[in-house]
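See below for the structure under consideration.
Indexing begins at 1, ligand by ligand and atom by atom, following the structure's order.
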Amino acid sequence: AKAEGRNRFQFFDRSLDAAARRRNLIEQELRTAVANESLTMNFQPLVDSGDGQVLCVESLLRWNHATLGAISPAEFIPIAEDVGLIEQIGAWVIRQGCMTAAAWPETVRIAVNLSPRQFGGTGLYASIAAALRDSGLPPSRLELEVTESLLLKTDTLVESTLTAIKALGVRIALDDFGTGYSSLSYLRKYRFDKLKIDQSFISDIESNRDSRAIVSAIIALGRDLGISLAAEGVETEGQYKILQTLGCSELQGYLIGRPMPSDELSSFLTSRAAA
Ligand code: C2E
Ligand code: CA
Ligand code: CA
Ligand code: CA
């Protein structure tokens, strides 16, 4: 039994080692990727649940490594946050997003994901203002997706930065809504323009009455507060119909369109506009 215990520890050590090694490798390769500008962006549409027109497009980072293959942002973003690369990556995403969106029809907004770590100084505000100026994109066509983890910070810098960004005319969306800790108090403190209901509530909305009740309540709340509502992760016709009936104004998910490269998105916008 003793030997077995030791083996188990060895196994544990080795797997920990493998995870640490992959992390180090990703960190190194990410530095190179950022320096070489080899990260790319995909774009996923959000449509009006009523008429199917594209209202907004979310940018999602992609990294296709020569030998490691596609690395998920869910893996490399947290590493970028830890090693201080997120400010640079984030500023690039904002700039690239605004430049790309400036070529879209003026009814289509761009949504960009922000990491809480980007709120560390005055850099974020400056990079947003510069991206808007240089791209010529009207501020009302830029939407920033933040998560509750940002609002957990009791930092006055977060509050003042959000206020300054909003004053530019940029929209703020609260992402992954429903998965956090005390969402409702944040709704009083900050004026969000949009709530994005987390896909974990959408995935079982057809089979789970509780999920349906929660989503219905969130939509009613948004309506009463004058905040627009979006649902992410819509994969089936059934989910689409339920959300439409409940009055969720914007829908996003594989059913409507997967995250796609910029040129594919342009064709998607053209075909939807003609439809
Ligand atoms: P998120 O912002 O919650 O993005 C939604 C994720 O769900 C995306 O994963 C998207 O590809 C995926 N998704 C979209 N529709 C469906 C669907 O119908 N079904 C399912 N199962 N999934 C769907 P992705 O692209 O892997 O991104 C993962 C996370 O990485 C994002 O979650 C976001 O937190 C982060 N991320 C991505 N790009 C950026 C970025 O530019 N900056 C920052 N800070 N974070 C980013
Ligand atoms: Ca998002
Ligand atoms: Ca989300
Ligand atoms: Ca998420």
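Using a 4.0 Å cut-off between charged nitrogen and carboxylate oxygen, Lys196 and Glu143 do not count as a salt-bridge pair.
Note: no N/O pair closer than 3.5 Å links Ser59 and ligand 1 by distance alone. Residue Glu145 has no N or O atom closer than 3.5 Å to an N or O atom of ligand 1.
Within the structure, ligand 1 lacks Gln252 among the residues with a heavy atom less than 4.0 angstrom away. Within the 4.0 Å heavy-atom shell around ligand 1 one does not find Lys196.
The nearest N, O or S atom of Glu232 is closer to the Ca ion (ligand 3) than 3.0 Å. The Ca ion (ligand 2) lies under 3.0 Å from an N, O or S atom belonging to Asp175. For residue Glu58, an N/O/S atom approaches the Ca ion (ligand 2) to within less than 3.0 Å.
Counting heavy atoms only, Pro73 comes closest to atom 36 (N) of ligand 1 of the residues Ala231, Ser72, Pro73. When Trp63, Tyr254, Phe76 are checked for heavy-atom proximity to atom 17 (C) of ligand 1, Tyr254 turns out nearest.
Contacts between Pro259 and ligand 1 below 4.0 angstrom, taking non-hydrogen atoms only, involve the side chain exclusively.
Applying the side chain to side chain donor-acceptor pair (under 3.5 Å) definition to pairs two or more places apart or across chains, those involving residues 78-94 are Arg23-Asp82, Glu81-Ser115.
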